[in-house]
Amino acid sequence: MSLLTWLATKLGYAPLSSTSMQVWVDEYALLVGDIYIREMAFLKAANLISKALSKCEFKTYLSGKEVEGREHYLWNIEPNKNQNSTEFLQQLVHRMLRNPSKGALVIEHNGQLLVADDFVKRPYALYEDVFEQVIVKDFNFSRTWNQSEVLYFRICDTDIQRVVNGLYESYSKLITYSMNAYQKSRGTKGVFKYDTIPTGGTEERKAFDALINEKIKAWLNGDNAALPLGRGQEWKELEHKTYSNESTRDIRALIDDVSDFTANAYGIHPALLRGDVQSIGEALDYTLTFCIDPMADLIAEEINRKRNGYSAMASGTYTKIDTKQIKHVDLLSVATSIDKLIGSGSFCINDIRGLCGEEFIDEPWAWAHFMTKNYVSLDEALTALSGGGEK
């Protein structure tokens, strides 16, 4: 209680009586619970997006051919000395989503890619934006960066998280009411009868006050306890109502609604944040289409326009984020599809092995394209039907 008393004093709520302090503590606990509910929904959304992107491969191309050089190593393995690519992407996504209107800033320093913890952006209409007061962990850079010198990611002009929080402010009243109603329904209530109140300052009055303020409360809260009553005193417990187990489910449903608000704001299928496994394939396809793929396009576009430019891209030098590896592939369930993909000549064997997360086969035939004999061109089919050519 000493820590809460100190906090109440700092916030201007103290000094308070013991009863008023308990009321304040209960309200503070509800406030903290509301913050945790909102934060849990945000973290689930941010972690889902960042983990999905961390499964993607940043493919780099040089003159139209896929290569695995320094740029490939930066984005897929080690962007800087203190982070691997998964940690880097998680930090980047969290910065983008935490404050969408401000965005996330990535600078390059001594060949390392660093996500800024804080920065100040000075926007211009006809000139490059300028970034200053850039802070990375415990280091504050004294220099400024132009827009063309950094990677700047922003998903929208509107602060989506602020809108979600505003929506939750009104919705949280329902959650608080439901929690209070459930708590009251499970509490013990009774009527304490007594003949007279002892005279103030006497030992009898001290014992009476202790009974009211301490012993009855301890008796109500204890699993096994006895309530000592004196002459002319009587305790009568009020009858309890019978409640079903659906009470807590109602509160859980309200909390799930908060996850649904957050999921819809970022283009995630609500079932994924709730943890529902039914129709998870459809939910994942929805999330890939409206959340992950657009996020990957945004990141790839910023990388290409800043680190490659028009002339390099025109010659086939660019970076592509492959999101096909996000889905887990069960080889037995897709065996027929694999046969069709290879037999139609659309993909070679190593293409399919790469999609399935397997190592490439270092043989020329593994890179060749095959087509089953029943695939013929339209001209050949018409010739065979007219009686000419090989049947």
Side-chain angles (χ1 to χ4, degrees), residues 49-50 52-81 83-86 88-89 91-93 95-96 100 102-116 119-132 134 136 141-157 288-289 291-326 346-348 350-351 354-355 360 367 369:
I49 296 173
S50 61
L53 287 175
S54 66
K55 291 192 65 177
C56 302
E57 181 184 1
F58 286 67
K59 294 186 175 182
T60 53
Y61 295 84
L62 180 63
S63 299
K65 295 183 179 180
E66 185 177 355
V67 296
E68 295 185 0
R70 175 63 180 169
E71 190 76 3
H72 184 273
Y73 182 81
L74 275 177
W75 291 107
N76 292 282
I77 306 296
E78 185 185 24
N80 59 68
K81 296 179 180 179
Q83 289 179 311
N84 56 41
S85 62
T86 300
F88 176 86
L89 286 173
Q91 184 184 7
L92 176 62
V93 170
R95 293 293 178 192
M96 292 172 64
K102 184 176 181 178
L105 180 68
V106 175
I107 61 173
E108 184 174 6
H109 181 70
N110 293 333
Q112 300 184 84
L113 298 177
L114 305 172
V115 179
F119 61 91
V120 174
K121 176 188 174 185
R122 287 196 284 116
Y124 295 95
L126 302 179
Y127 302 97
E128 289 189 53
D129 296 338
V130 174
F131 297 87
E132 55 191 10
V134 177
V136 177
F141 288 89
S142 58
R143 61 160 294 187
T144 60
W145 278 269
N146 293 326
Q147 179 71 263
S148 59
E149 299 176 301
V150 301
L151 298 177
Y152 179 59
F153 306 96
R154 189 175 64 171
I155 58 178
C156 64
D157 292 333
L288 287 172
T289 303
C291 178
I292 305 302
D293 284 343
M295 184 78 74
D297 289 341
L298 183 148
I299 295 174
E301 289 168 0
E302 183 70 0
I303 293 173
N304 285 317
R305 80 185 191 99
K306 297 290 184 62
R307 298 179 69 83
N308 295 316
Y310 171 77
S311 59
M313 291 192 66
S315 62
T317 300
Y318 60 94
T319 299
K320 174 186 175 183
I321 301 179
D322 186 5
T323 61
K324 293 191 295 293
Q325 298 185 15
I326 293 178
S346 301
F347 295 88
C348 68
N350 276 342
D351 289 336
L355 291 174
F360 291 151
W367 294 102
H369 289 254

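- Here the shortest heavy-atom pairing between Pro79 and Ser85 reads CD-N, 3.6 Å.
- Looking at residues two or more places apart in sequence or on another chain, you find a side-chain hydrogen bond (donor to acceptor under 3.5 Å, both in side chains) between Lys102 and Asp118.
- Between Val150 and Val134, every side-chain heavy-atom pair lies at or beyond the 4.5 Å cut-off.
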**Report entry** Audit row: Thr323, Asp293, side chain to side chain donor-acceptor pair (under 3.5 Å) steps and yes/no
**Finding:** CA-CA 7 Å; Thr323 61; Asp293 284 343; 2.9 Å; yes

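- Annotation: the span from His72 atom NE2 to Glu66 atom CD amounts to 6.5 Å, rounded to 0.5 Å.
- Every residue two or more places apart in sequence or in another chain that forms a side-chain hydrogen bond (donor to acceptor under 3.5 Å, both in side chains) with Gln91 is listed here: Gln83, Asp117.
- At least one side-chain heavy atom of Ile155 sits less than 4.5 Å from a side-chain heavy atom of Met295.
- In this structure, Tyr152 and Phe131 have tilted ring planes: the angle between them lies in the 30° to 60° band.
- A distance of 12.5 Å separates NZ of Lys59 from OG1 of Thr319, quoted to the nearest 0.5 Å.
- Smallest separation of non-hydrogen atoms from Ala104 and Arg95: CB-CB, 3.6 Å.
- Atoms CD and CG, from Glu108 and Asn80 in turn, are 11.5 Å apart once rounded to the nearest 0.5 Å.
- To the nearest 0.5 Å, the span separating CG on Leu114 from CG on Leu92 amounts to 12.0 Å.
- The pair Glu302-Lys306 counts as a salt bridge, with a side-chain nitrogen and a carboxylate oxygen less than 4.0 angstrom apart.
- Side-chain contact between Ser50 and Leu89 is absent, with no heavy atoms from C-beta onward closer than 4.5 Å.
- Side-chain atoms of Asn76 never come within 3.5 Å of backbone atoms of Glu57 as a donor-acceptor pair (strictly under, hydrogens ignored).
- Residues Glu149 and Thr144 approach most closely at OE1-O, 4.3 Å, considering heavy atoms.
- Here the CD atom belonging to Glu132 is positioned 4.0 Å from the CZ atom belonging to Arg122, to the nearest 0.5 angstrom.
- Side-chain contact between Ile292 and Lys55: absent, with no pair of heavy atoms (C-beta onward) separated by less than 4.5 Å.
- Scanning all heavy atoms of the two residues, the minimum distance from Phe58 to Ile303 falls at CE2-CD1, 3.9 Å.
- At a threshold of 4.5 Å between non-hydrogen side-chain atoms, the residues Leu113 and Trp75 count as touching.
- Under the 4.5 Å side-chain criterion, counting only non-hydrogen atoms from C-beta, Met96 is not in contact with Ile49.
- When all heavy atoms of Ala116 and Phe119 are compared, the pair lying nearest together is CB-CD2, 4.3 Å.
- For the ring pair (Phe, Tyr, Trp, His ring centres under 6.0 Å) test, no residue two or more places apart in sequence or in another chain qualifies with Tyr73.
- Every residue meeting the ring pair (Phe, Tyr, Trp, His ring centres under 6.0 Å) condition with His109, not counting sequence neighbours, appears here in chain and number order: Phe141.
- Scanning both residues, Val130 and Tyr124, for their nearest heavy atoms gives CG2-CE1, 3.9 Å.
- The closest donor-acceptor contact from the side chain of Glu128 to the backbone of Gln147 lies under 3.5 Å.
- Side-chain atoms of Asn146 never come within 3.5 Å of backbone atoms of Ser148 as a donor-acceptor pair (strictly under, hydrogens ignored).
- Residues passing the side-chain hydrogen bond (donor to acceptor under 3.5 Å, both in side chains) test with Ser142: none are found, sequence neighbours excluded.
- A donor-acceptor distance shorter than 3.5 angstrom exists from the side chain of Thr60 to the backbone of Val67, with no hydrogens or angles considered.
- Residues Val115 and Val136 are not in side-chain contact: their nearest non-hydrogen atoms beyond the backbone lie 4.5 Å or more apart.
- Residues passing the ring pair (Phe, Tyr, Trp, His ring centres under 6.0 Å) test with Phe347, sequence neighbours excluded: none.
- Judged purely by atom type and a 3.5 angstrom limit, Asn304 has no side-chain atom pairing as donor or acceptor with the backbone of Glu301.
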